[in-house]
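The model shown is predicted, which means the values in this text are computed figures rather than measured ones.
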Amino acid sequence: MSFLERHPEESLLSNRRLQAVIGVVLLALLAVPFTTTDALTGLILTGLVFVMLGVSWNLLAGYAGQISLGHAAFFGMGAFVAAWLTTPSAAGFPASIQLPILVAVAVGGVAAALIALVIGPIIFRLSGHYFAIGTLALAAVIELVMLDQRGLTGGSTGYYVQGDLAINEFVGHGDVMFLLTLVATVITVAVTYRIVRGAGGLGMKAIHDDEEAASSLGVNPLKYKMYAFVVSSFFAGLAGGLYGHYTLYINPESTLAVTWTIDSLVIVILGGMGTFAGPLLGAALFLLLDTGLAAIVGSVATSIEGALIILFIIFLPQGLYGLAEDYLITDIGGGGAATSPQSEESRPAADAVPDED
Amino acid sequence: MVAGELVSQSIVNGILLGGIYAVAALGLSLVFGIMDIVNLAHGHMLMVGAYVAILVFAATGITPLIGMFIAMGLLFLLGIVLQKVLLKHVVGEGLEQPIIVLFGLALILQNIGQLVLGGDARTADLGIPGNGIDLGFAFLSLPRTVTFVVAVVLIAGTWAFLQYTRTGQAIRATAQNRTAARYMGIDTDRIYVITLGIGTALAGAAGALLSMLFPINPFVGWSYLLKAFAVVVLGGVGSILGTLVGGVILGVSENLGALYLGGGYRNVVSLLIFLGVLLLKPEGLFGTGGGGE
């Protein structure tokens with residue numbers, strides 16, 4: 001996977017212009033609840049949830065090379081654990097375990113991470129295709145069991161989640177949830193950035209490139225897979241808890257369905273798999289597609305999403321990020337110039353994969 | 001305690017259902033064994049096959065037993081186009097790209113299914129009376145028996161094709177050693193096209209057969225993909241007899257699971273068996289290797 005050989009993000013974040021852009025974007029996002037309608041706030045909140053899903057799935061699939069098709073399970077379990085803690089009576093739990101939303105959502109993330117910690121050593125006995133299908137099956141088992149456990153989940157009708165966080169008449173519940181989600185998104189992006197820039201990221205890339213070679217050099221593949229899996233699941237669970245408490249309604253189909261896995265995958269493919277900024281761009285494009293396409297082409301939108309990921313993976317495997325890098329960053333010069341020859345060198349190598357095996 | 005007749009009836013129904021599962025799995029297994037890709041859209045192709053049979057039946061009254069051949073033909077063409085237009089770019093380029101292309105295709109097929117037919121479940125009528133033979137310990141329903149026989153004939157036909165035709169031998173040679181097959185003058189690109197065509201045609205056949213027994217909706221694709229993959233894992237990649245046995249095991253255990261744990265757990269039982277075998281014996285119960293790679 002030669003696209004991992006480049007480290008363009010190093011030059012990206014040392015670029016002052018980019019730091020300024022990040023600052024402006026963050027300020028603009030902070031202003032969203034106070035300047036826009038509730039509908040628009042909700043839409044951008046969904047975009048932030050997409051960022052969390054994309055960044056977390058990319059850590060596992062793009063960096064550690066483990067194509068999981070079970071991301072929805074962690075999103076949904078995070079959502080449910082958080083809902084049980086804020087609304088225990090609806091699930092038949094004693095009212096005394098009730099926790100504030102903030103704590104409950106965090107515990108939801110921790111619970112998703114714990115599930116990953118327990119099943120990781122088992123599911124990582126599988127690799128490649130078997131891992132992908134195994135995770136798909138695992139997520140299906142969790143969804144079916146949760147759907148059947150009506151006492152815990154409300155079955156297919158689900159239930160309403162408590163917790164109105166409105167501060168006064170100007171800052172409604174949705175606005176507070178938006179700010180919480182924004183903080184969680186920044187934490188997700190920052191933590192993931194530290195991981196992929198650090199030793200953990202190197203280990204993940206090593207097992208992604210060649211697990212046997214990495215293993216013979218003393219890299220423990222399971223350790224880095226587990227690292228990626230647990231962190232990835234934590235953030236997916238956190239995203240689920242936040243989303244459930246924004247909509248204030250939860251059921252197994254809306255939180256555990258394969259749709260969330262599909263969304264994560266589409267976001268990362270559109271943006272650029274295994275690149276740091278990829279999922280951020282991908283989430284933005286996906287948000288536009290998800291809302292814009294539906295308005296223009298109606299129910300054909302899903303087909304167009306499917307066609308887009310096919311076209312991207314065949315003709316633009318590095319996604320929007322690769323495109324942006326080709327046409328924008330190398331032209332900016334400065335920090336980008338140092339790495340652009342390197343990226344130009346590795347580009348032909350990425351395309352010229354030998355025909356024969 | 002569940003009555004003995006119910007148990008034996010579940011086992012008989014499970015065996016009869018297992019034949020169809022085996023047809024679905026055979027298509028997946030062929031493509032997996034020969035092209036080294038898991039067709040993530042296999043379940044959705046099965047759904048398309050079922051809808052073709054249902055629509056042909058609704059429009060003309062032609063029994064799905066004949067409609068099955070129309071479904072097989074259409075899906076054979078879909079498989080050929082898929083390989084020639086999309087997959088040829090990504091086969092042999094590692095795991096990620098083919099999986100994602102097929103994931104995208106599954107999305108498209110599911111969406112088309114929804115657009116054409118809405119989200120409601122539909123079923124076809126076999127045109128064969130629902131009665132059958134009373135064996136004493138169980139009741140042999142005629143539709144289930146007919147679909148089972150058709151399934152076994154399809155599997156035997158595929159086996160004979162692979163065993164006795166030149167193309168079949170070329171497919172097996174490619175499965176054994178792609179490079180050597182190419183040196184021997186086999187056009188492996190053409191073999192891939194044919195293999196994917198046969199694999200998807202078998203998915204279509206399984207769908208048409210299932211449409212006579214169960215309601216089909218546009219979202220059944222994932223569920224049948226997992227069932228088919230479970231059978232592949234049970235039987236071992238590339239083993240035709242193993243696939244039949246695996247299908248029967250899955251059918252029987254699903255029916256017994258539904259009987260003892262409730263209908264909601266029908267699919268959970270098969271998925272847990274699947275995960276168990278995958279983890280304990282990834283080369284399959286009758287496998288000749290190839291697992292876990």
- Task: Go through the steps to decide whether Ile313(A) and Glu96(B) satisfy the test side chain to side chain contact (heavy atoms under 4.5 Å, CB included), and finish with yes or no.
- Result: CA-CA 9 Å; Ile313(A) 202 72; Glu96(B) 289 152 16; 5.7 Å; no
- Message: For Met273(A) and Ile100(B): C-alpha separation, side-chain torsions, deciding distance, then whether side chain to side chain contact (heavy atoms under 4.5 Å, CB included) applies.
- Response: CA-CA 11 Å; Met273(A) 203 162 163; Ile100(B) 288 159; 4.2 Å; yes
- Decide side chain to side chain contact (heavy atoms under 4.5 Å, CB included) for Val38(B) and Tyr130(A); before the verdict, give the C-alpha distance in whole Å, the side-chain angles of both, and the deciding distance to 0.1 Å. CA-CA 9 Å; Val38(B) 171; Tyr130(A) 291 88; over 6 Å; no
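Among the candidates Leu136(A), Val141(A), Ile142(A), Leu138(A), the single residue satisfying the side-chain contact (heavy atoms from CB on, under 4.5 Å) test with Leu271(B) is Val141(A).
Proximity to chain B is limited to the side chain of Ile269(A), based on heavy atoms less than 4.5 angstrom apart. For chain B, the nearby part of Ile67(A) is the side chain; its heavy atoms alone come within less than 4.5 Å. For a residue to count as touching a neighbouring chain, one of its non-hydrogen atoms must lie under 4.5 Å from one of that chain's; by this rule Ile122(A) touches chain B with backbone and side chain alike. Looking at Ala137(A), both its backbone and its side chain come within 4.5 Å of chain B, counting heavy atoms on both sides. In this structure, chain B has no heavy atom under 4.5 Å from any part of Gln66(A).
Distance check: Glu253(A) CD to Phe219(B) CZ gives 10.5 Å after rounding to the nearest 0.5 Å. To the nearest 0.5 angstrom, Ile310(A) atom CD1 is 12.5 Å from Gln97(B) atom CD. Here the straight-line distance linking atom CG of Leu144(A) with atom OG of Ser223(B) works out to 8.0 Å at 0.5 Å rounding. Atom OG of Ser303(A) and atom CG of Leu115(B) lie 6.0 Å apart (nearest 0.5 Å).
The greatest number of non-hydrogen atom pairs below 4.5 Å with chain A, out of Leu107(B), Asn111(B), Val101(B), Ile112(B), is found for Asn111(B). Chain B forms the most heavy-atom pairs under 4.5 Å with one residue out of Ile309(A), Val258(A), Leu308(A), Ile262(A), and that residue is Ile262(A).
Phe32(B) and His129(A) have perpendicular rings, their planes meeting at more than 60° on a 0 to 90° scale where under 30° would count as parallel.
At a threshold of 4.5 Å between non-hydrogen side-chain atoms, the residues Leu69(A) and Leu40(B) count as touching. Residues Val145(A) and Tyr265(B) have side chains in contact (heavy-atom distance under 4.5 Å, counting atoms from C-beta outward).
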